[in-house]
Amino acid sequence: MTIVVTDITLSIVRLDLVHEFETSSHRKSALEHIVIAVRSSDGAIGWGECASPSDPYYAGETTETCWLMLRDYLGRHLLGQPWEHPDHVAALLARVAGNNFARAGLEMACWDLFARVQGQPLAQVLGGSAPTIEAGVSLGIEHTIDDLLQQVAHHVADGYRRVKLKIRHGWDLEPTRAVRTAFPDLALQVDANTAYGREDIDHLRGFDDLGLLMIEQPFDEDDLLTHAELRRRIATPVCLDESITSPAVLRTALQLGAASIVNIKVSRLGGLGAAREVHDDCRAAGIPVWCGGMHEFGIGRAANLAIASLPGFVLPSDVSGSDKYYALDIVAPPIRAVDGLVAVPWNSPGIGHEVDMAIVELFTRRTERLVLADGAPVRGRTARRPPRTPPERRKP
Ligand code: OSB
Ligand code: MG
């Protein structure tokens with residue numbers, strides 16, 4: 001069936017985190033994601049979420065660059081173009097180089113639209129099958145080891161069975177050892193977000209005593225060779241996150257032996273189609289994968305859940321319940337983990353959660369519509385509201 005998108009609404013929505021989050025590269029207390037609604041000429045609606053951080057410290061994009069790319073380029077390449085499958089949408093959007101977070105949000109909206117038009121769950125149209133996803137939590141850098149132990153205890157009491165700790169120089173072996181000592185049987189892994197260099201390989205080997213599932217992205221995203229070297233010199237499995245920005249990079253990384261495990265992140269890869277391709281290639285190569293996140297609101301989180309239901313996702317994901325990060329979710333029912341498991345919504349079409357428009361409007365800072373007028377894409381009206389809290393701060 002042919003679908004034509006004739007109307008795109010972009011909204012910057014700001015939600016406060018319930019607990020400040022710090023990684024080796026940045027600290028944040030609120031997030032601004034772009035909620036994207038696409039409407040077809042038949043009146044069907046699909047939802048997407050652009051989960052770029054506000055500042056370019058995890059990847060090169062920001063909320064504002066995504067806004068500009070969606071408004072001035074990606075939206076125009078989609079509006080009025082007939083397509084049969086979201087893979088065709090990906091091909092239309094591929095005319096724009098880079099800008100994966102922006103591209104992922106719009107492609108996701110088209111996947112949701114496509115699945116709703118078929119009357120099928122997103123997980124089904126992606127080829128998924130798992131009834132539930134094993135959820136893990138990602139814990140930021142805390143002020144003290146006691147604060148960290150308290151966070152771990154809180155989430156273990158909530159039923160989570162896998163915990164990821166953010167690490168950097170000065171916050172690595174000691175806090176991880178403290179958690180391991182206090183929770184000897186916990187499934188535990190660490191994530192460096194590129195904080196280390198080749199000179200740190202001997203230091204990182206210190207993690208081998210701690211029984212970790214993996215060490216994630218210790219080195220720069222471009223530095224596949226040093227990841228391959230670490231993999232030869234450490235017993236702990238090496239996982240890539242930031243490095244894997246496309247199926248082609250994935251194949252290069254596997255060829256070089258740079259990854260024992262891959263973190264699949266929809267936004268970093270530029271969409272669900274690329275995420276599925278990386279999943280398929282890893283599965284064929286015998287490389288286990290898991291689903292990473294960018295603190296998504298309910299729309300992006302539901303899409304993560306759908307992709308994580310594919311059979312190669314054999315390790316616990318970062319798809320926790322929304323309540324771990326936000327007091328309110330923008331979808332109903334909210335996404336919740338029960339006993340460390342999140343249910344895939346197999347009984348509803350699309351992302352399987354309805355968008356709560358009252359909540360979206362309450363937290364919208366800016367909105368703009370792109371429509372077709374006489375067959376050509378044009379911009380609608382823009383509304384602005386001042387932000388309530390300061391933007392994310394760069395770590396010194
Ligand atoms: O490296 O996985 C990461 C959040 C922001 C930037 C990078 C990362 C993260 C997370 C979030 O760890 C995990 C989640 O969304 O649950
Ligand atoms: Mg990571």
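Since the model is a prediction, treat every value here as computed from it, not as a measurement. In each ligand, atom 1 is the first atom listed, and ligand 1 is the first ligand listed. The chain is numbered in sequence order, starting from 1. Atom set for the values below is all heavy atoms of this structure, side chains included, hydrogens, waters and symmetry mates excluded.
- The protein non-hydrogen atom at the shortest distance from atom 7 (C) of ligand 1 is Tyr58 CD1, 3.5 Å.
- In this structure, the protein non-hydrogen atom closest to atom 6 (C) of ligand 1 is Met294 CE, 3.5 Å.
- Looking from atom 15 (O) of ligand 1 to the surrounding protein, the closest heavy atom is His295 N, 2.6 Å.
- Between the side chains of His26 and Asn193, not a single donor N or O lies within less than 3.5 Å of an accepting N or O.
- Relative to the six-membered ring of Trp111, Arg116 misses at least one condition, a distance below 6.0 Å or an angle of at most 45° to the axis.
- Side-chain contact check for Thr9 and Glu368: no donor-acceptor pair (N or O, by modelled atom type) lies under 3.5 Å.
- The proximity of Asp191 to ligand 1, defined as any non-hydrogen pair under 4.0 Å, is limited to the side chain.
- Asp202 has a carboxylate O that lies under 4.0 Å from a charged side-chain N of Arg233, or vice versa, which qualifies the two as a salt bridge.
- For a threshold of 3.5 Å applied to N or O pairs, the pair formed by Lys265 and ligand 1 contains at least one separation below that value.
- Residue Lys164 approaches ligand 1 through these ligand atoms, each under 4.0 Å from one of its heavy atoms: 2 (O), 3 (C), 12 (O).
- Taking the N/O/S atoms of Asp191 in turn, the shortest distance to the Mg ion (ligand 2) belongs to OD2.
- Every N/O-N/O distance between Asn263 and ligand 1 stays at or above 3.5 Å.
- Closest approach of Gly75 to Leu106, counting heavy atoms only: N-CD2, 4.0 Å.
- Under 4.0 Å from ligand 1, the heavy atoms of Asn193 that appear belong solely to its side chain.
- Here Lys166 has side-chain heavy atoms under 4.0 Å from ligand 1, and that is the only part of it that gets that close.
- Around the CD atom of Gln150, the shell of radius 6.0 Å holds no more than 12 heavy atoms that belong to other residues, nucleotides or ligands.
- Taking the charged nitrogens against the carboxylate oxygens, Lys166 and Glu216 have no contact shorter than 4.0 Å, which rules out a salt bridge.
- By the 3.5 Å distance cut-off applied to N or O atoms, Arg301 is not counted among the residues near ligand 1.
- For ligand 1, none of its N or O atoms has an N or O atom of Lys28 under 3.5 Å away.
- Under the 4.5 Å side-chain contact rule for hydrophobic residues, Val331 and Met294 do not share a cluster.
- The shortest side-chain heavy-atom distance between Phe21 and Ser29 does not fall under the 4.5 Å cut-off.
- Annotation: atom 16 (O) of ligand 1 to nearest protein heavy atom, Asp318 O, 3.0 Å.
- Distance check for Glu242 against the Mg ion (ligand 2): none of its N/O/S atoms falls below 2.8 Å.
- Within Glu216, OE2 is the N, O or S atom that lies nearest to the Mg ion (ligand 2).
- Between His26 and ligand 1, no N or O atom pair is found at a separation short of 3.5 Å.
- Of the candidates Ser138, Ala59, Ala51, Ser267, the one placing a heavy atom closest to atom 10 (C) of ligand 1 is Ser138.
- In summary, the side chains of Asp191 and Gln217 do not present any donor paired with an acceptor at a separation below 3.5 Å, with no hydrogens or angles considered.
- No side-chain donor from either of His143 and Glu20 sits under 3.5 Å from a side-chain acceptor of the other.
- Shortest distance from the Mg ion (ligand 2) to Asp241 is reached at OD2 (N/O/S atoms only).
- The atoms of ligand 1 that sit less than 4.0 Å from any heavy atom of Asp241 are 1 (O), 2 (O), 3 (C).
- Put simply, Leu210 and Met214 are part of two different groups of oily side chains (I, L, V, M, F, W, Y) that touch within less than 4.5 Å, one to the next.
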